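Letters go in sequence order (proteins before strands), and every chain restarts at 1. None of the values given here were measured: they were computed from a predicted structure.
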Number of protein chains: 2
Amino acid sequence: MTDELIVDCQLRAGLELLAHTWDPLVIVALRDEPLRRRAVKDALGGVSDKVLTEALHRLLANGLITRRSFAEAPPRVEYALTPLGRTLLDGPLKAMGRWLNQHADELLTAQEAAQAG
Amino acid sequence: MTDELIVDCQLRAGLELLAHTWDPLVIVALRDEPLRRRAVKDALGGVSDKVLTEALHRLLANGLITRRSFAEAPPRVEYALTPLGRTLLDGPLKAMGRWLNQHADELLTAQEAAQAG
DNA sequence: CCGTATCCGTATTGATACTG
DNA sequence: CAGTATCAATACGGATACGG
């Protein structure tokens, strides 16, 4: 029982890593190769500078991505997945992707049914 | 490319199902058997009535749980996982649990390192 | 290009008190 | 017990302007 509470607590802590709107999408955006800040921004669509910075800082603080700065002009910064970040992509995130592929229609049906009832 | 944007969009839609603080914990709480509202509340620890109601309504609206009301005194209501809800538990949620079991220490180390640097 | 600093509207959480 | 109503606190996403 104490055990269960700990497990649940861990679960929430883990989900926090993916709870913020853009964080998981940044991870997905970096799946193939390191990207410059601007490239990440473009990959996400319409995200503001401030929010993007916050997302990158969170991911850095959790050790899911790295930041590499090049001494060039114009400035160049590249973000990349860490090995840990990649395991999060390959594990839970891909599991969610698979679930959606398999159950998206079922989910929509259930949502409509619940709305109707 | 359009494909990728769609995938990312789906991914966010899926994560939304687990993004609210208590929703995934309700799913976990119902994993073994249907529970009364009060039992769910106790299982989660310190959640307010209002927030619990919101969580239950979201889960109902998404077809992840069911609500069954018994005509008794005192009132009795039971919530239970739907088959769809169970697949979410067995898939993405368990994947996150496994990831935490395997990488929790790594995550903590990375967090401390990032904080120090 | 990279990143920070402000300001704002809204959404979410929560405590409390109350009704059926 | 089940659920709603109200009010306060805050966190989040975002637009904009500015500085490295």
> To the nearest Å, how far apart are Leu52(B) CG and dG3(D) P?
Replying inline: 9 Å
> Which residue pairs satisfy the salt bridge (Lys or Arg N to Asp or Glu O under 4.0 Å) criterion with at least one member in residues 21-30 of chain A, sequence neighbours excluded?
Replying inline: Asp23(A)-Arg58(A)
Please report, to 0.1 Å, the donor-acceptor pairs under 3.5 Å made by any side chain of residues 36-44 of chain A, with sequence neighbours excluded.
residue	atom	partner	partner atom	Å
Arg36(A)	NH2	Pro75(A)	O	3.0
Arg37(A)	NH1	Asp49(A)	OD1	3.0
Arg37(A)	NH2	Asp49(A)	O	3.2
Arg37(A)	NH2	Thr53(A)	OG1	2.5
Arg38(A)	NE	Asp42(A)	OD1	3.1
Arg38(A)	NE	Asp42(A)	OD2	3.3
Lys41(A)	NZ	Asp49(A)	OD1	3.2

> Rounded to the nearest 0.5 Å, how far apart are CD1 of Ile65(A) and CG of Leu56(A)?
Replying inline: 5.0 Å
>> Run the side chain to side chain donor-acceptor pair (under 3.5 Å) test against Gln111(B) and tell me which residues pass, sequence neighbours left out.
In response: Asn62(A)
> In whole angstroms, how far is the C1' atom of dC1(C) from the CG atom of Leu56(A)?
Replying inline: 14 Å
>> So if I define the base as every atom that isn't primed, P, OP1 or OP2, how would nucleotides 15-20 of chain D read as a B/S/- string at a heavy-atom cutoff under 4.0 Å?
In response: B----B
> Does Arg36(B) make a side-chain N or O approach to OP1 or OP2 of dC1(D) shorter than 4.0 Å?
Replying inline: no
>> Between P on dG3(C) and CD on Glu78(A), what's the gap in Å once rounded to a whole number?
In response: 12 Å
> For Val51(A), which contact category applies under a 4.0 Å heavy-atom criterion: base, sugar-phosphate, or nothing?
Replying inline: base
> Taking DNA chain C as the partner, which of residues 61-74 of chain B come within under 4.0 angstrom of it by heavy atom?
Replying inline: none
>> Side chain of His57(B), heavy atoms from C-beta onward: which of dT4(D), dT4(C), dT13(C) has the nearest atom to it?
In response: dT4(D)
> Which value, rounded to the nearest 0.5 Å, describes the distance between Thr82(A) atom OG1 and Leu30(A) atom CG?
Replying inline: 10.0 Å
>> Test of understanding: with side chain to side chain donor-acceptor pair (under 3.5 Å), list the residues that count as partners of Glu78(A), not counting sequence neighbours.
In response: Arg76(A)
> According to the ring pair (Phe, Tyr, Trp, His ring centres under 6.0 Å) rule, which pairs have a member within residues 70-100 of chain B, sequence neighbours left out?
Replying inline: Trp99(B)-His103(B)
> Does anything in residues 95-104 of chain A pair up under salt bridge (Lys or Arg N to Asp or Glu O under 4.0 Å), and if so which pairs, sequence neighbours excluded?
Replying inline: none
> Can you check the Leu35(A) CG to dC1(C) C1' distance for me, whole Å?
Replying inline: 15 Å
> Considering only heavy atoms, which members of residues 15-24 of chain B lie under 4.0 Å from some atom of DNA chain C?
Replying inline: His20(B), Thr21(B), Trp22(B)
>> Let's test your reading of the pairing rules: Watson-Crick or G-U wobble, both distances under 3.5 Å, then write DNA chain C as a dot-bracket string with ( ), [ ], | and dots.
In response: |.||||||||||||||||||
> With sequence neighbours excluded, what pairs up with Glu16(A) under the salt bridge (charged side-chain N to carboxylate O under 4.0 Å, His left out) test?
Replying inline: Arg12(A)
>> Just the rounded figure in Å: distance from P of dA2(D) to CD of Glu54(B).
In response: 18 Å
>> If you compare all heavy atoms of Ala110(B) against all heavy atoms of Leu84(A), which two are closest, and at what distance to 0.1 Å?
In response: CB-CD2, 4.3 Å
>> To the closest 0.5 Å, what do you measure between CG (Leu15(A)) and CG (Leu15(B))?
In response: 8.5 Å
> In whole angstroms, how far is the P atom of dG14(D) from the NZ atom of Lys41(A)?
Replying inline: 12 Å
> Quick one: side chain to side chain donor-acceptor pair (under 3.5 Å) partners of Glu33(B), sequence neighbours excluded?
Replying inline: none
>> Are the side chains of Leu18(B) and Met96(A) in contact, using a 4.5 Å heavy-atom criterion?
In response: yes
> Taking it one step at a time, do Leu25(A) and Val47(A) satisfy side chain to side chain contact (heavy atoms under 4.5 Å, CB included)?
Replying inline: CA-CA 11 Å; Leu25(A) 300 187; Val47(A) 62; over 6 Å; no
>> Is the phosphate of dC1(D) approached by Tyr79(B) (side-chain N or O, under 4.0 Å from OP1 or OP2)?
In response: no
>> Tell me the interatomic distance from Arg37(B), atom CZ, to dT4(D), atom P, rounded to whole angstroms.
In response: 8 Å
